[in-house]
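Data block below; observations after.
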Amino acid sequence: GSHNGEIQLGKTSYTTYYDAFFAAKLDKGGSPEWLVQGETDQSMAPCSVAVDAAGDVFVSGAYSGSLSSGDTKVASAGYEDAFVAKLSAGGKPLWLKSFGSTSNSASVLASVVDAAGHVIIAGQYSGVVSLGGGVLPAASVQAGFLAELDGDGNHVASQAFDSVESDGVSSADVLALDHQPAGGVE
């Protein structure tokens with residue numbers, strides 16, 4: 001989720017003066033095991049959460065300004081950049097990736113994890129964007145993308161798709177896999 005101000009879960013609390021994402025794990029009885037936050041100095045919209053077989057958590061969305069998770073801090077290159085953060089099953093921030101360019105906005109709208117532990121993200125962008133594998137084609141209005149990152153956040157594959165509608169790609173609520181091998185984003 002996201003919050004601005006104070007959030008408390010069990011004995012753990014965080015206070016922020018800007019937008020922040022949070023992830024929490026509850027035990028079977030509903031008691032909190034951990035609470036982790038990622039913080040920005042401007043705005044943020046976490047849009048998707050996915051969990052792999054080991055219990056690691058992927059949080060993704062969009063932000064502007066700078067974003068930090070654990071010891072990692074990234075800065076948006078443009079108006080709004082997409083992000084993916086990975087947390088361990090124990091709530092420790094593992095890595096944080098940011099995707100954007102100076103001439104665009106980008107956001108992750110949906111995510112899912114495959115059997116290999118790769119996170120597949122779907123989102124939208126305007127202008128141009130690189131998801132780690134080279135610059136995707138310029139969008140006429142607002143284009144969509146699919147990308148696959150391995151468990152360490154490295155680019156595996158990415159693909160853009162442009163809209164034939166005048167308002168572009170604006171949502172992706174659900175993402176499903178058909179069990180293609182790694183690198184199968186087409």
Side-chain angles (χ1 to χ4, degrees), residues 1-3 7 9-10 12 14 19-40 44-63 67-74 81-100 106-125 129-134 136 144-161 169 171-186:
S2 65
H3 76 97
I7 185 170
L9 183 65
T12 304
Y14 289 108
D19 292 343
F21 76 78
F22 69 91
K25 182 177 181 181
L26 306 177
D27 66 18
K28 291 180 183 179
S31 297
E33 290 188 15
W34 51 261
L35 172 67
V36 175
Q37 124 173 328
E39 191 169 0
T40 184
M44 173 187 311
C47 295
S48 185
V49 175
V51 180
D52 68 15
D56 295 336
V57 178
F58 298 85
V59 178
S60 55
Y63 76 100
L67 173 63
S68 61
S69 178
D71 294 333
T72 304
K73 186 173 187 176
V74 294
D81 284 5
F83 77 90
V84 180
K86 183 178 181 181
L87 310 171
S88 73
K92 178 183 175 195
L94 298 175
W95 51 259
L96 173 63
K97 299 290 181 175
S98 176
F99 309 104
S107 60
V108 176
L109 302 171
S111 62
V112 66
V113 180
D114 69 11
H118 294 192
V119 62
I120 291 83
I121 55 176
Q124 62 188 16
Y125 72 97
V129 69
S130 174
L131 301 167
L136 295 179
F145 67 79
L146 286 173
E148 179 178 358
L149 306 176
D150 69 17
D152 294 323
N154 300 309
H155 178 269
V156 175
S158 55
Q159 179 69 44
F161 51 95
V169 175
S171 67
D173 297 327
V174 178
L175 187 59
L177 295 176
D178 69 356
H179 302 290
Q180 293 293 318
V185 175
E186 297 181 7

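All values below were derived from every heavy atom in this structure, side-chain atoms included, with hydrogens, water molecules and symmetry-related copies excluded.
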Passes side chain to side chain contact (heavy atoms under 4.5 Å, CB included), H118 versus V156? Steps please. CA-CA 9 Å; H118 294 192; V156 175; 4.0 Å; yes

Given F161 and Q159, is the side chain to side chain contact (heavy atoms under 4.5 Å, CB included) satisfied, shown in steps? CA-CA 7 Å; F161 51 95; Q159 179 69 44; 5.5 Å; no

Carefully, step by step, assess D114 and I120 under the rule side chain to side chain contact (heavy atoms under 4.5 Å, CB included). CA-CA 8 Å; D114 69 11; I120 291 83; 3.9 Å; yes

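For the pair D81 and F99, the minimum side-chain heavy-atom distance is 4.5 Å or more. The shortest distance between side-chain heavy atoms of L109 and Q124 falls below 4.5 Å. At least one side-chain heavy atom of V113 sits under 4.5 Å from a side-chain heavy atom of F58. Between L87 and L94 there is no side-chain heavy-atom pair separated by less than 4.5 Å. Between V84 and L149 there is a side-chain heavy-atom pair separated by less than 4.5 Å. For the pair S158/L136, a side-chain contact is recorded, criterion being any heavy-atom separation below 4.5 Å from C-beta on.
When the shell of 6.0 Å around CG of D27 is examined, it contains more than 12 heavy atoms from other residues, nucleotides or ligands.
Sorted by first and then second residue, the salt bridge (Lys or Arg N to Asp or Glu O under 4.0 Å) pairs with a member in residues 83-92 read D56-K86; sequence neighbours excluded.
Note that CD1 of I121 is 7.0 Å distant from OG of S60, once rounded to the nearest 0.5 Å. To the nearest 0.5 Å, atom OG of residue S98 and atom NZ of residue K73 are 13.0 Å apart. Between N154 atom CG and K97 atom NZ the span is 5.5 Å, to the nearest 0.5 Å.
Of all the heavy atoms in L131 and H155, the pair that sits closest is O-CD2, 3.3 Å.
Side chains of S107 and Y63: no donor on one and acceptor on the other come within 3.5 Å.
Not a single donor-acceptor pair under 3.5 Å links the side chain of T72 to the backbone N or O of W95. Listed for the W34 side chain is no donor-acceptor partner under 3.5 Å among the backbone atoms of L26.
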